[in-house]
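Every number for a ligand or one of its atoms is a count from 1 in the order of the listing. We're numbering straight along the sequence, starting at 1.
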Amino acid sequence: MKTLHISCAIIVHKGHILACKREDERFCGWEFPGGKIEPGETAEQACLREAREELSVELGPGFFYDTVEYDYPDFHLTMECFIYELKEGQMPQPRVHTELRWLERGELLAVDWLAANVNLVKSMGFLWEHIFAEGCL
Ligand SMILES: Nc1nc2c([nH]c(=O)n2[C@H]2C[C@H](O)[C@@H](COP(=O)(O)OP(=O)(O)OP(=O)(O)O)O2)c(=O)[nH]1
């Protein structure tokens with residue numbers, strides 16, 4: 001099975017995380033901004049670039065969170081996930097997504113996440129206080 005290697009940015013701000021709705025011919029569901037890692041790029045550079053392209057935002061401090069491995073019916077997904085704050089004054093604009101939503105802890109599962117994201121988002125719910133702890137970002 002072919003493997004798709006991508007990275008994504010989990011954007012956090014004031015106790016919320018940003019969910020983005022993708023509606024295209026192959027996928028319909030909520031995801032994090034991101035995409036394929038281009039040759040010569042690190043996973044971190046790729047998700048900063050994708051955040052610029054997809055949301056027109058510059059991201060601030062961040063850290064590596066987790067790597068998701070997930071088997072879709074026709075490919076294996078390896079997704080490197082980073083958590084970032086927004087840079088001062090930045091506001092995401094939906095350039096490719098049909099809707100953006102800021103979710104607080106109690107709403108994390110209120111949207112229909114792409115299948116590969118569900119356990120990742122659940123883990124964020126468990127680790128919420130640590131993710132938003134003073135000095136973490
Ligand atoms: N960006 C992103 N993709 C995800 C997430 N969860 C998930 O299963 N995916 C899947 C959907 C897609 O099959 C794949 C991302 O591939 P993609 O085609 O969007 O990558 P890309 O943005 O580089 O695409 P392209 O511009 O090169 O066409 O990963 C997620 O949270 N963010």
**Fill in**
Contacts of K36 meeting side chain to side chain contact (heavy atoms under 4.5 Å, CB included) (sequence neighbours excluded), chain-then-number -> L4, I6
**Item:** Minimum heavy-atom distance L55-C20, with the two atoms named
**Value:** CD2-SG, 4.3 Å
**Item:** Heavy-atom pair with the smallest gap, counting every atom of R105 and F126
**Value:**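 Looking at all heavy atoms of both residues, the shortest contact is NH2-O, 3.9 Å.
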**Request:** Using a cut-off of 6.0 Å, state whether more than 12 heavy atoms not belonging to M1 lie near its atom CE.
**Result:**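 Counting other residues, nucleotides and ligands, CE of M1 exceeds 12 neighbours.
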**Request:** Answer yes if the ring centres of F32 and Y65 are under 6.0 angstrom apart, and no otherwise.
**Result:**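 No, they do not, as the ring centres are separated by 6.0 Å or more.
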**Request:** Please determine, by modelled atom types, if E31 and H97 share a side-chain donor-acceptor pair under 3.5 angstrom.
**Result:** yes
**Request:** Quick one, list the residues around ligand 1 where some non-hydrogen atom comes in under 4.0 Å, by chain and residue number.
**Result:** L4, I6, R22, F27, E31, F32, G34, G35, K36, E50, Y72, F75, L77, M79, L114, A116, N117
